[in-house]
Amino acid sequence: MQLLNEQEIERRKDREALLQLGIDPYPALSYPINATSADIHKNYENRKNDYKNISIAGRLMTRRIMGSASFAEIQDSYGRLQIYVRRDDICPDEDKTLYNTVFKKLLGIGDFIGLKGFIFTTQTGEISLHVQEFTLLSKSIKPLPIVKRDDEGNVYDGFTDPELRYRQRYVDLIVNPEVKSTFVTRSKVISSMRRYFDDHGWLEVETPILQQVHGGAAAKPFDTHHNALDIPLFLRIANELYLKRLIVGGFEGVYEIGKMFRNEGMDRTHNPEFTSMEIYVAYKDYVWMMEMVEELLGQIASSVLGSTQAKVGEHIIEFAGPYKRLSMFEAIQEYTGIDVSTLDEAGLRKVCAALGIDVDDSMGKGKLIDEIFGEKVEDHLIQPTYITDYPIEMTPLAKKHRDKPGLVERFELFVNGKEIANAYTELNDPIDQRERFEEQLKLAARGDDEAMAMDEDFLRALEYGMPPTSGLGIGIDRLCMLLTDKSTIQEVLFFPQMKPEKRVKVATDEDFMEAGIPAALIPVIRELNIHTLDQLHTQNPSKLFNDVCGKRKKLKLNVANPSKEDVENWINGN
RNA sequence: GAUUCCGUAGCUCAGCUGGUAGAGCAUAACACUUUUAAUGUUAGGGUCCUGGGUUCGAACCCCAGCGGGAUCACCA
């Protein structure tokens, strides 16, 4: 049972009327299509002879009815096409029902129709389809928001409320074409990335999403449970440790594009599930990886945007390499003037205090440096910049730096003040790796709930030997935000996570009758805006009795008033 | 999680110092054979987010809740 507004009731009536006329509003059929809106707009002028027998389908989006002729627009998956419908063309005989009744009255905006006819150009110069035959393919019984645009592209009555747009993305996609193009771009980003990797001979793989040990990143996982095994499982926060097992297994390069899940806050840059790409290539180090990323991003930008430059907010970002490289200590020194490279934990705490950065006792040396960096440096890194050589404490899976003690071979790529990629020369010494995990356990004991857990099977794999390997992770959603110039992650996710929609359970006629209300009085109850049983049961008996009698009179219903006792019984459920 | 703003017709929004709600588009009816934000005339359409409170009287003031946006905190 749902409450219907005027327009929804009207459309349900239209559906019934169509059935009465013997027209199935939801026919089971394939409709032949030999042209698209995009194709027609692009090629009609040059190949007019090819557009005389068009069969096309789409959603009816506007109608301009002028007596016995009408203009309308249909929207297919590529765009819109104006159609011209003339009564005597589609109703050559005496019976004009198909035009006067079906087309003009029973069709509505949002309906899918199939059309046959020929393309022509109107007096006002619009390429249009002169319709000779139309078929209803699917009736829409919920009114779409109407977004109008004039010739300059100005939008009138836009469908703009983010809540409605995200909750009903299907509507957003129908009426806001630029939303559709954002997601087309997203798809192209992923496919061109995949093409780049495939062209290099690296293998696309899939690894477990349900993991017994959550590792590979510092984050809080989602818990779940496997019934048959009766064990707890985690939704993966990363797939790094599995991909490295595959390098141990002998693949030269493996990559995975997939969802990760982190049980943390949600905002304009975080969704509980997000898409990441991780790739591991054997016999390489992080220096090689920096060059690879420059080539990869340059190529993706060119193939998606047609240029290596992207407009992002106020800035023009240049994705062609080489990118600036700064070590983490250099970066901190550059933007704070402080050399933190020689400080111990106590010294770092003093620096944080001096800079006004909040810290707590669970933070180790690595985390403190990360805090300073995040607070003072990140925002300045607009053009693609590699930050390299991180403190060992914050990076338990990277190899120790070849010549800088206390650091690891790691870089993160920052663009527009945000981290979009993270890479290491991977740690492949199993003894060192075990010690690093031990350190993580100590952090966990201090209260760091994001510290990594020991993964014995991963260590066993490393003990068999892993070749020198470089690994990279890229946040696909954030990359897409950059390349589509969107400032929120919700704009590049079809269905961002939202709080549940509150749905009231609207009582049916049967529900009300079961509560003792005579069928004839149910319209009165609804007219009083009592739509749920909860509402009914919390009414004041005297007031409801008065209201019902009053409203019955007003609605001129030919039914006896209830007694006050009757009303009390409805409310008390007797 | 904190702060702050917002929630009125299917959609986008008005609504003054508190006096039972308006517009445009959409919908319905009529007119109109090349329109294009089609036009003209007319009509219908509301749980003013929910629940309390103040008041003779609340869309408006107060309190609580729900949902959303923005900023901040945490993180990717």
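So you know, we letter chains A, B, ... as the sequences are listed, proteins then strands, and number each from 1. From a predicted model like this one, the values you see are computed outputs, not experimental measurements. Values below: all heavy atoms of this structure, side chains included; hydrogens, waters and symmetry mates excluded.
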Exercise for review: Output yes when A/Lys13 and A/Glu8 qualify as a salt bridge under the 4.0 Å nitrogen-oxygen rule, no when they do not.
Suggested key: no
Point to revise | Ion pair A/Asp172/A/Lys180, N-O distance below 4.0 Å | key: no
Using a cutoff of under 3.5 Å, can you pull out all pairs of nitrogen or oxygen atoms linking the protein to nucleotides 31-35 of chain B, with atom names and distances?
| residue | atom | partner | partner atom | Å |
| --- | --- | --- | --- | --- |
| B/C32 | N3 | A/Ile65 | O | 3.4 |
| B/C32 | N3 | A/Gly67 | N | 3.3 |
| B/C32 | N4 | A/Gly67 | N | 3.3 |
| B/U34 | O2' | A/Gln123 | OE1 | 2.6 |
| B/U34 | O2 | A/Gln123 | N | 3.3 |
| B/U35 | O2 | A/Arg64 | NE | 2.8 |
| B/U35 | O2 | A/Arg64 | NH2 | 3.3 |
| B/U35 | N3 | A/Gln82 | OE1 | 3.1 |
| B/U35 | N3 | A/Gln82 | NE2 | 2.9 |
| B/U35 | O4 | A/Gln82 | NE2 | 2.5 |
| B/U35 | O4 | A/Thr122 | OG1 | 2.8 |
| B/U35 | O4 | A/Thr124 | OG1 | 3.3 |

**Study point:** Assigned partner base of B/U35, Watson-Crick or wobble definition, under 3.5 Å
**Key:** none
**Study point:** Short N-O contact, A/Lys259 and A/Glu273, less than 4.0 angstrom
**Key:** yes
Exercise for review: Taking only the side-chain heavy atoms of A/Thr160 (C-beta and beyond), determine which of B/U12, B/U71, B/A29 contains the nearest atom.
Suggested key: B/U12
Practice item. In whole angstrom, give the distance that lies between atom CE of A/Met61 and atom C1' of B/G10. Key: 14 Å
Practice item. Salt-bridge test for A/Arg59 and A/Asp76: reply yes if a basic N is under 4.0 Å from a carboxylate O, no otherwise. Key: no
Exercise for review: Identify whether NZ of Lys or CZ of Arg in A/Arg169 sits under 6.0 Å from the centre of the six-membered ring of A/Phe494 and within 45° of that ring's axis.
Suggested key: no
Review point. Once you round it to whole Å, what is the distance between C1' of B/A76 and CE of A/Met452?
Key: 13 Å
Check your understanding: What does A/Lys105 touch in the nucleic acid at a heavy-atom separation under 4.0 angstrom: a base, only the sugar-phosphate, or nothing?
Key -> sugar-phosphate
Check your understanding: Please give, in whole Å, the distance from B/G67 P to A/Arg167 CZ?
Key -> 8 Å
**Study point:** Residues A/Lys244 and A/Glu256 bridged, charged N to O under 4.0 Å
**Key:** no
Exercise for review: Could you please name the partner base of B/G51, counting Watson-Crick and G-U wobble pairs only when both distances are under 3.5 Å?
Suggested key: B/C63
Review point. Which nucleotides of nucleotides 22-27 of chain B have their base under 4.0 Å from a protein heavy atom (B), which only their sugar-phosphate (S), and which neither (-), written as one string 5' to 3'?
Key: --BSBS
Exercise for review: Look only at the side chain of A/Asn239 and the backbone of A/Tyr242, and say whether a donor-acceptor pair between them is shorter than 3.5 Å.
Suggested key: no
Study note, to complete from the structure: Taking B/G68, B/A76, B/C11 as options, the one with an atom nearest any side-chain atom of A/Glu419 is B/A76
Check your understanding: How would you label the contact of A/Asn263 with the nucleic acid (heavy atoms, under 4.0 Å): base, sugar-phosphate, or nothing?
Key -> nothing
Exercise for review: State the CE-CG distance between A/Met277 and A/Leu479, to the nearest 0.5 angstrom.
Suggested key: 9.5 Å
Check your understanding: Touch check for A/Arg80, heavy atoms < 4.0 angstrom, all strands: base, sugar-phosphate only, or nothing?
Key -> nothing
Study note, to complete from the structure: If pairing means Watson-Crick or G-U wobble with both distances under 3.5 Å, then the partner of B/A2 is B/U71
Point to revise | Euclidean distance for C1', B/A14 against B/U41 (whole angstrom) | key: 25 Å
Point to revise | Lys/Arg-Asp/Glu bridge criterion (N-O < 4.0 Å) met for A/Glu412, A/Arg410 | key: yes
Check your understanding: Is it true that A/Glu16 and A/Arg12 make a salt bridge, defined as a side-chain N closer than 4.0 Å to a carboxylate O?
Key -> no
Review point. Checking all strands, does A/Gly158 fall into the base, sugar-phosphate, or nothing category for heavy-atom contacts under 4.0 angstrom?
Key: sugar-phosphate
**Study point:** Partner nucleotide, any strand, of B/U41 [Watson-Crick/G-U, under 3.5 Å]
**Key:** B/A29
**Study point:** Sugar-phosphate, base or nothing in reach of A/Glu371, heavy atoms under 4.0 Å
**Key:** sugar-phosphate
Review point. Ignoring hydrogens and angles, does a donor from either the side chain of A/Asp267 or the base of B/A73 sit under 3.5 Å from an acceptor on the other?
Key: yes
Practice item. Can you tell me the pairing partner of B/A23 across any strand shown, Watson-Crick or G-U wobble, with both distances under 3.5 angstrom? Key: B/U12
Review point. Can you check the A/Leu4 CG to B/A9 C1' distance for me, whole Å?
Key: 15 Å
Exercise for review: Look at A/Arg165 and B/U12 and indicate whether a side-chain polar atom (N or O) is within less than 4.0 Å of OP1 or OP2.
Suggested key: no
